[in-house]
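Throughout, protein chains are lettered first and strands after them, A, B, ... in sequence-line order, and every chain is numbered starting at 1.
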Number of protein chains: 4
Amino acid sequence: MRAMARKPLTKPRKHASQDRSRATVDALIEATARILVREGFDKASTNRIAEAAGVSVGSLYQYFPSKESLVVAVIARHQEELMQIARDALAEVASLPIPKAVRRLVAVAIEAHRVDPKLHRVLAEQLPRTGRLENIDVFNREFYTLFKRYLDAHRDELRNLDLDMAAYVCVTSIEALTHNAVLHRSEMLSEEVAGRLVDEATHLIVKYLQ
Amino acid sequence: MRAMARKPLTKPRKHASQDRSRATVDALIEATARILVREGFDKASTNRIAEAAGVSVGSLYQYFPSKESLVVAVIARHQEELMQIARDALAEVASLPIPKAVRRLVAVAIEAHRVDPKLHRVLAEQLPRTGRLENIDVFNREFYTLFKRYLDAHRDELRNLDLDMAAYVCVTSIEALTHNAVLHRSEMLSEEVAGRLVDEATHLIVKYLQ
Amino acid sequence: MRAMARKPLTKPRKHASQDRSRATVDALIEATARILVREGFDKASTNRIAEAAGVSVGSLYQYFPSKESLVVAVIARHQEELMQIARDALAEVASLPIPKAVRRLVAVAIEAHRVDPKLHRVLAEQLPRTGRLENIDVFNREFYTLFKRYLDAHRDELRNLDLDMAAYVCVTSIEALTHNAVLHRSEMLSEEVAGRLVDEATHLIVKYLQ
Amino acid sequence: MRAMARKPLTKPRKHASQDRSRATVDALIEATARILVREGFDKASTNRIAEAAGVSVGSLYQYFPSKESLVVAVIARHQEELMQIARDALAEVASLPIPKAVRRLVAVAIEAHRVDPKLHRVLAEQLPRTGRLENIDVFNREFYTLFKRYLDAHRDELRNLDLDMAAYVCVTSIEALTHNAVLHRSEMLSEEVAGRLVDEATHLIVKYLQ
DNA sequence: GATGAATGAGGATTCATTCAT
DNA sequence: TATGAATGAATCCTCATTCAT
């Protein structure tokens with residue numbers, strides 16, 4: 001009982017401290033993302049990031065052992081957002097037939113790229129430098145796994161094919177078509193062209209699978 | 001006659017000088033590529049590059065106004081190689097029917113990525129940082145234009161579609177499938193899997209176009 | 001009371017930090033002046049200055065954004081010293097009649113040039129290069145303004161003349177005569193010759209004004 | 001006879017060669033002056049100067065052993081021009097009474113500063129850096145000697161004074177008043193103000209001497 | 001824990017000068 | 001003698017990281 005009585009006393013404190021830590025960490029990740037987007041990788045010095053986050057460089061190094069680890073955290077946060085979208089989308093289309101499902105997935109992929117396209121671009125560009133290429137793969141591979149699961153569940157709608165290969169082809173193509181459209185072909189983002197892009201990408205994948 | 005006899009006397013000199021310049025420039029580009037591949041962008045300091053090229057930093061700056069310009073030269077050289085492969089391939093398949101042509105193009109794309117995959121990878125990663133994203137587009141767009149021309153010439157084999165969009169979809173997909181396979185999925189490069197990748201990619205594109 | 005008792009706890013820290021900063025800044029300015037004097041402008045590299053100041057280059061750039069700004073700080077410090085002498089002198093002679101006042105000002109001008117003649121010389125030589133020519137003018141112009149004010153107050157002792165022009169003529173002449181004597185004619189600094197120089201300069205100015 | 005017969009044959013050649021040398025030297029000095037004026041000391045690299053002179057760096061070093069020697073040559077040429085003006089002026093006023101003579105000398109000093117004020121300014125600023133401060137003194141001292149000679153010749157018009165000291169006072173003051181007016185007080189160069197400056201400077205010197 | 005002053009290796013670039021052709 | 005490619009020491013400055021307070 002005593003112990004339990006104490007908890008309310010200490011927990012808040014720890015919470016406060018934990019919350020503060022959490023807040024600092026968040027502020028740092030947020031500041032990093034902001035600077036990366038607004039000023040580019042080369043301007044993103046640790047001192048600048050700390051300043052933008054409203055903490056000292058010392059504190060930055062309290063929470064992140066290196067600059068790289070900070071960038072990795074930004075990447076992780078961004079990818080987690082994307083993965084959540086992907087998971088939701090896959091869950092949503094789980095029982096839809098392939099044409100409908102693919103169309104929805106393509107649309108979602110474009111939407112996802114639009115969440116924070118500038119950050120996405122910077123990360124796509126700077127990510128290699130962190131030696132975390134694998135990271136991006138972690139992302140791709142999870143999506144790829146989920147998509148393969150979907151295909152497996154809809155095997156009867158498919159022609160006879162190797163699911164691994166098929167998932168690779170589909171995921172890679174969809175990613176490339178939407179990524180390039182958003183990042184390098186902004187003209188493709190007009191309502192109308194984007195619609196046609198969805199049509200065509202869907203067509204590409206559906207014809208391929210069936 | 002005399003005057004002509006003299007020429008050999010002077011010409012070699014100029015040649016010698018020009019050759020020396022040319023050799024220095026080549027050595028620098030070559031050294032840059034080598035270091036980029038072997039040690040990564042961050043280790044590629046101008047002094048290191050000059051040393052690796054067997055010339056002085058001063059000479060480096062005689063021929064290249066900045067470090068970036070050197071990297072750009074490496075990119076340009078690499079892309080010119082790729083473009084040559086692409087041009088040749090398109091010329092070669094010009095009169096082939098779509099299935100054969102696409103299969104050949106996919107195979108060539110893989111080959112092209114294999115010319116110097118490590119360099120390709122580093123450049124793909126660093127290119128954004130040089131502010132020469134347009135460059136890669138220059139490349140992609142030339143290929144895209146050539147491919148559209150091919151499609152136009154084979155319009156009767158196609159379903160009714162917008163050539164611009166079709167070229168975008170095909171070029172982007174082929175590039176992504178081969179690029180990722182070569183750079184991120186080395187397991188796909190076994191003779192057998194590579195063959196299946198060609199099959200699948202070809203299937204993807206052909207079904208899409210027809 | 002408690003809160004007040006705490007202050008001593010925090011204040012020293014801040015003070016310590018502020019003092020350290022201040023000490024670093026002073027050491028840098030001092031080191032710059034010293035090197036400028038002993039080794040000349042061209043030897044005054046930022047690394048050398050930092051070393052001489054007993055701090056790292058990094059610290060130098062923490063407090064001065066560029067080499068030039070350091071030199072400017074040295075100039076400013078020196079000029080402030082001179083201006084203080086000038087202000088004091090003018091205040092001191094404010095109520096003296098022109099002959100006594102001018103004699104005193106000339107003597108003070110020589111004294112001022114003797115405060116740190118080597119530094120004065122290097123700065124006079126290098127100042128133009130810093131793009132701070134205006135600075136020296138700021139100095140001259142403040143003195144010129146103060147002197148004009150003196151003349152104005154003693155208008156009744158003067159012949160009829162344009163105060164602006166008169167101040168220009170007097171200030172420029174006194175400055176040149178003392179500056180050149182101290183910097184280029186060290187032989188003029190023997191007790192006796194210096195005395196005659198004061199006589200003559202005073203004569204020049206007094207006859208001119210009356 | 002033979003030998004003499006040959007001379008006409010060789011001499012022209014030598015002449016040609018000497019003329020060419022002379023022309024190259026002149027072109028280099030001229031180019032240096034031009035770059036110094038237009039782009040400043042820091043932009044005046046030897047390569048740049050050689051290029052501007054239309055010769056190779058190698059040739060530059062054929063005629064000038066160092067960059068400094070080139071700058072010194074520019075200074076020498078400029079000072080010789082000024083000295084010529086000074087000599088002419090002194091000769092011209094030799095028999096004039098002091099007031100007329102001084103007035104003329106002041107006017108000539110202003111004119112002299114206007115010959116190439118920008119060059120004069122750059123040289124005045126950069127000269128110290130060449131370690132040729134003595135040079136400027138060579139100039140001043142020649143003028144000072146000539147002026148002293150004038151004073152000596154007009155001793156009967158003077159009050160009793162030390163000619164060395166008097167020459168120092170006069171030459172220094174005139175130089176400073178005209179130099180500053182031309183270089184730092186361009187507003188003083190309006191026809192009218194310049195006239196008053198001449199009046200005042202003359203007044204200053206004449207009252208001092210008599 | 002937080003702070004921010006201090007560190008110093010390292011990097012891009014310049015330029016006076018040399019020397020092979 | 002002219003050329004201009006080559007040299008490389010030297011310079012200014014940045015930034016990830018540490019540590020005394």
Side-chain angles (χ1 to χ4, degrees), chain A residues 17 20-21 24 42-51 55-68 70, chain B residues 9-10 12-21 23-25 42-51 54-68 70, chain C residues 9-10 12-21 23-25 42-51 54-68 70, chain D residues 17 20-21 24 42-51 55-68 70:
Chain A
S17 148
R20 192 139 65 101
S21 290
T24 302
D42 290 348
K43 295 285 179 58
S45 72
T46 49
N47 279 289
R48 202 167 169 66
I49 289 171
E51 189 192 17
V55 304
S56 65
V57 225
S59 293
L60 184 156
Y61 279 90
Q62 203 99 52
Y63 294 107
F64 295 93
S66 68
K67 184 186 173 180
E68 191 191 331
L70 239 185
Chain B
L9 238 62
T10 26
R13 277 196 191 165
K14 277 184 182 172
H15 254 222
S17 165
Q18 281 176 4
D19 284 357
R20 192 140 65 109
S21 292
T24 300
V25 167
D42 290 348
K43 292 287 177 55
S45 73
T46 49
N47 280 289
R48 201 170 171 68
I49 289 172
E51 190 190 16
V55 304
S56 65
V57 226
S59 291
L60 186 159
Y61 280 91
Q62 198 115 53
Y63 296 106
F64 297 93
S66 69
K67 183 186 173 178
E68 191 193 328
L70 239 186
Chain C
L9 237 61
T10 27
R13 277 198 193 162
K14 277 186 184 172
H15 254 219
S17 165
Q18 280 176 7
D19 285 355
R20 192 141 65 110
S21 292
T24 301
V25 167
D42 290 347
K43 293 284 178 57
S45 72
T46 49
N47 281 293
R48 201 171 172 68
I49 289 172
E51 189 191 17
V55 303
S56 65
V57 226
S59 291
L60 186 157
Y61 280 92
Q62 198 114 54
Y63 296 106
F64 297 93
S66 68
K67 184 187 172 178
E68 191 192 328
L70 239 187
Chain D
S17 146
R20 192 139 66 102
S21 290
T24 302
D42 290 348
K43 295 285 181 57
S45 72
T46 48
N47 280 288
R48 200 167 171 66
I49 289 171
E51 188 192 18
V55 303
S56 64
V57 226
S59 293
L60 184 156
Y61 279 89
Q62 203 100 49
Y63 294 106
F64 295 92
S66 69
K67 183 186 174 179
E68 190 192 330
L70 237 185

Q | Gap separating the CG atom of C/Leu60 from the CD1 atom of C/Ile49, nearest 0.5 angstrom | A | 6.5 Å
Q: Ignoring the backbone of A/Ser66, work out which of F/dT17, E/dA12, F/dA6 is nearest its side chain.
A: F/dT17
**Q.** Euclidean distance, A/Thr46 OG1 relative to A/Tyr61 OH, rounded to 0.5 Å
**A.** 4.0 Å
Q: May I have the distance from A/Glu68 (atom CD) to F/dC15 (atom C1'), rounded to whole angstrom?
A: 16 Å
(Q) Pick the closest DNA chain F nucleotide for B/Leu60 and for D/Gly58 by heavy atoms, then say which residue is nearer the 5' end. (A) D/Gly58
Q) With a 4.5 Å heavy-atom cut-off, do D/Tyr63 and D/Leu70 have their side chains touching? A) no
Q.
Measuring to OP1 and OP2 of E/dT3, would you say a side-chain N or O of A/Ser56 lies under 4.0 angstrom away?
A. yes
Q: Nearest whole angstrom, please: distance from the P of E/dC15 to the CD of D/Glu51.
A: 13 Å
Q. With respect to the phosphate group of F/dA16, does any side-chain polar atom (N or O) of A/Thr46 fall under 4.0 Å of OP1 or OP2?
A. yes
Q: Please determine, for F/dC15, whether a Watson-Crick or G-U wobble partner exists with both distances under 3.5 Å, and give it or none.
A: E/dG8
Q) Which nucleotide in the list F/dA5, E/dG8, E/dA5 gets nearest to the side chain of C/Val57? A) E/dG8
Q: For C/Phe64 and F/dC12, give me the distance from atom CZ to atom P, rounded to whole Å.
A: 15 Å
Q: Could you pick out which residue, C/Val55 or B/Pro65, lies toward the 5' side of DNA chain E when each is mapped onto its nearest nucleotide?
A: C/Val55
Q: To the nearest 0.5 Å, tell me how far B/Lys67 NZ sits from B/Asn47 CG.
A: 10.5 Å
**Q.** Nucleotide E/dT13, atom C1' - distance to CZ of B/Arg48 in whole Å
**A.** 19 Å
Q. Which part of the nucleic acid, if any, lies within contact of D/Ser45, taking any heavy atom under 4.0 Å across all strands shown: a base, the sugar-phosphate backbone alone, or nothing?
A. sugar-phosphate
**Q.** DNA chain E: 5'-proximal contact among A/Asn47 and A/Ser59 (nearest heavy atom)
**A.** A/Ser59
**Q.** Nucleotide of F/dC13, E/dA6, F/dT7 approaching C/Tyr63 most closely (side-chain heavy atoms)
**A.** E/dA6
Q) Could you give the CD1-to-C1' distance, from B/Ile49 to E/dG10, as a whole number of Å? A) 15 Å
Q: Considering just the side-chain nitrogens and oxygens of A/Gln62, establish if one lies under 4.0 Å of OP1 or OP2 belonging to E/dG1.
A: no
Q. Within less than 4.0 Å of OP1 or OP2 of F/dT17, is there a side-chain N or O belonging to A/Tyr61?
A. yes
(Q) Here's a test of your reading of the structure: between C/Lys43 and B/Thr24, which maps to the more 5' nucleotide of DNA chain F? (A) B/Thr24
Q | Nucleotide E/dT17, atom C1' - distance to CG of D/Leu70 in whole Å | A | 13 Å
Q: Please report the closest heavy-atom contact between D/Arg48 and D/Lys43, naming both atoms and the distance.
A: CD-O, 2.9 Å
Q) According to the Watson-Crick and G-U wobble definitions, with both distances under 3.5 Å, which nucleotide is paired to E/dA20? A) F/dT3
**Q.** Whole-Å distance separating the NZ atom of D/Lys67 from the P atom of E/dT14
**A.** 14 Å
Q) How would you list, by chain and number, every residue that makes a side-chain contact (heavy atoms from CB on, under 4.5 Å) with C/Ser56, sequence neighbours excluded? A) C/Ser59
